[in-house]
Chemist: 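One structure, as structure tokens, below. Some questions next.
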Amino acid sequence: MTLRKSSSVTEFILVGLSEQSELQLPLFLLFLGIYVFTLVGNLGLITLIGLNSSLHTPEYFFLFNLSFINLCYSCVFTPKMLNDFVSENIISYVGCTTQLFFFCFFVNSECCVLVSMAGCYVAICNPLLYTVTMSPHVCSLMMFGSYVIGFSGAMAHTGSILKLTFRDSNIIDHYLCEVLPLLQLSCTSIHINELVFFIIVGVVITISLISIFISYALILSSILRIPSTEGRSKAFSTCGFHVAVTLFFGSEAFTYLKPSFPGPMDQSKFASVFYTSVVPMYPLIYSVRNKDVKVALRKTLKTVLF
């Protein structure tokens, strides 16, 4: 895939989250704290799951991959975002398209992983058959499929952007290189690009939401049939992490599936903050409340310290 020679723009300027000077330092400190928390938390969780055989189960296999994806895609855009708070944020044409590719790859992959994790329905309804149904081979195939879908979506989005011509403006009204703000800068027809974008995003979000809602309906139905209060409470805690999933897809739908995108991007920027900065912290937040993770953490700390 090559860059078009007709595109005279060699670099872009990212406007950032806010242009108000008095907010730059508070926002820098806030997102720096979130970034460090995300990096340390997800890297720690990856290490913990890898070192403890008691966590080598389907649930934690998916959580391991989810943490890896969150760790990677936070690194794709957050350093540039933080730079915007202290200086003019300039990114090259190649750097912008590269950032776009990896961002789309990890976001699409995360959508698929979250759908796979909705298999906690099997853990609640058929706990004895869970490890048989979700065998290592099946889990590996599901993860491979997630990454293939993520790669395919990223190639389609990036390829459509590389076909555009940029001449009149190079100011991106966003804190990262995303499809919609880049389409607004094109001086050539974007009808095909719009079609490609909304088909891919619409299919991924719609199928993911339908799959997850069906799973949740089955989960709720099974939980309500559990006679004991303690049993129902434990079942709810098993899939408590997925409460954030609806918010993740909701913020994506609000950002991308609007009838018309031309105009101010402020609402979309602030909505995207949720799934780019807040959601990557959820695996750690979920794990802190998880009994298995707490036991594994204490065991690991005893081994390391003593």
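What you are looking at is a predicted structure, and each value in this text was computed from that prediction instead of being measured.
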Chemist: For the residue pair His56 and Phe61, is the inter-centroid distance of their aromatic rings smaller than 6.0 Å?
Modeler: no
Chemist: Atom CZ of Phe85 and atom CG of Leu82: how far apart are they, to the nearest 0.5 Å?
Modeler: 6.5 Å
Chemist: Out of curiosity, does Phe151 fall in the hydrophobic cluster containing Leu141 (side-chain heavy atoms, cut-off under 4.5 Å, transitive links)?
Modeler: no
Chemist: What distance do Thr57 atom OG1 and Met134 atom CE have between them, rounded to the nearest 0.5 Å?
Modeler: 10.5 Å
Chemist: Do you know which two heavy atoms are closest between Gln99 and Val76, and how far apart they sit?
Modeler: NE2-O, 3.3 Å
Chemist: Under the side-chain contact (heavy atoms from CB on, under 4.5 Å) rule, what do Asp84 and Tyr175 come out as? Steps first, then yes or no, please.
Modeler: CA-CA 8 Å; Asp84 178 63; Tyr175 57 85; 5.6 Å; no
Chemist: Between Phe68 and Tyr73, is any pair of side-chain heavy atoms under 4.5 Å apart?
Modeler: no
Chemist: Under 6.0 Å from the CZ atom of Phe102, do we count more than 12 heavy atoms belonging to anything else shown?
Modeler: no
Chemist: Test side-chain hydrogen bond (donor to acceptor under 3.5 Å, both in side chains) on Tyr60 and Asn52; report intermediate values, then the result.
Modeler: CA-CA 11 Å; Tyr60 294 104; Asn52 288 271; over 6 Å; no
Chemist: If only atom types and distance count, is the side chain of Thr97 paired as donor or acceptor with the main-chain N or O of Val94 below 3.5 Å?
Modeler: yes
Chemist: With a 4.5 Å limit on heavy-atom distance, are the side chains of Leu176 and Leu14 in contact?
Modeler: no
Chemist: Main chain of Leu183, side chain of Ser186: is a donor-acceptor contact present, judged purely on distance under 3.5 Å?
Modeler: no
Chemist: In terms of hydrophobic clustering (I, L, V, M, F, W, Y; side-chain heavy atoms under 4.5 Å; direct or indirect links), are Phe31 and Val40 co-clustered?
Modeler: yes
Chemist: For the CG atom of Leu180 and the CG atom of Asp173, what is their distance to the nearest 0.5 Å?
Modeler: 11.5 Å
Chemist: Between His174 and Val15, does a side-chain contact (heavy atoms from CB on, under 4.5 Å) hold up when you go through it step by step?
Modeler: CA-CA 6 Å; His174 214 289; Val15 172; over 6 Å; no
Chemist: Should Met142 and Phe62 be marked as a side-chain contact (heavy atoms from CB on, under 4.5 Å) after you check the CA-CA gap, both sets of side-chain angles, and the distance that decides it?
Modeler: CA-CA 9 Å; Met142 293 173 73; Phe62 289 120; 4.0 Å; yes
Chemist: Mind listing the closest non-hydrogen atom pair of Ala296 and Leu55 along with its distance?
Modeler: CB-CD1, 3.7 Å
Chemist: Do Leu164 and Leu182 make a side-chain contact, defined as non-hydrogen atoms from C-beta onward lying under 4.5 Å apart?
Modeler: no
Chemist: Applying the 4.5 Å side-chain criterion to the ILVMFWY set and letting contacts propagate, would Leu66 and Phe144 be lumped into a single cluster?
Modeler: no
Chemist: With rounding to the nearest 0.5 Å, note down the distance linking OG1 in Thr165 to CD1 in Ile190.
Modeler: 12.5 Å
Chemist: Measuring from atom CE of Met81 to atom CG of Asn83, what distance do you get when rounded to the nearest 0.5 angstrom?
Modeler: 12.0 Å
Chemist: Looking at every heavy atom in both Ser109 and Ile69, which two are closest together, and how far apart are they?
Modeler: CB-CD1, 3.9 Å
Chemist: Quick one: which residue pairs count as a side-chain hydrogen bond (donor to acceptor under 3.5 Å, both in side chains) with a foot in residues 22-45, not counting sequence neighbours?
Modeler: Asn42-Ser67
Chemist: Ignoring hydrogens, what is the shortest heavy-atom contact between Ser160 and Asn193? Give both atom names and the distance.
Modeler: O-ND2, 2.5 Å
Chemist: Would Phe77 and Leu32 show up in the same hydrophobic cluster when neighbours are defined by side-chain heavy atoms closer than 4.5 Å?
Modeler: yes
Chemist: Applying side-chain hydrogen bond (donor to acceptor under 3.5 Å, both in side chains) to Ser74 and Asn70, what does each step give before you reach the verdict?
Modeler: CA-CA 6 Å; Ser74 292; Asn70 286 331; over 6 Å; no
Chemist: Quick check for you: to the nearest 0.5 Å, what is the distance between Gln184 atom CD and Ile171 atom CD1?
Modeler: 13.0 Å
Chemist: Ignoring hydrogens, what is the shortest heavy-atom contact between Asn108 and Gly150? Give both atom names and the distance.
Modeler: CB-CA, 3.6 Å
Chemist: For residues Leu297 and Leu51: do they belong to one hydrophobic cluster (side chain heavy atoms under 4.5 Å, members Ile, Leu, Val, Met, Phe, Trp, Tyr)?
Modeler: no
Chemist: Can you list the steps and then say if Ile172 with Cys177 is a side-chain contact (heavy atoms from CB on, under 4.5 Å)?
Modeler: CA-CA 7 Å; Ile172 300 176; Cys177 292; 4.0 Å; yes
Chemist: Is any side-chain heavy atom of Ile207 less than 4.5 Å from a side-chain heavy atom of Val203?
Modeler: yes
Chemist: So that I know where these two stand, are Phe12 and Phe166 an aromatic pair - ring centroids less than 6.0 Å apart?
Modeler: yes
Chemist: Check for a donor-acceptor pair, side chain of Glu11 on one end and backbone N or O of Tyr93 on the other, with a separation under 3.5 Å.
Modeler: no
Chemist: Measure across Ile149 and Cys112 and return the closest heavy-atom pair with its distance rounded to 0.1 Å.
Modeler: CG2-SG, 3.7 Å
Chemist: Does any N or O in the side chain of Lys80 come within less than 3.5 Å of the main-chain N or O of Ile90, such that one atom is a donor and the other an acceptor?
Modeler: yes
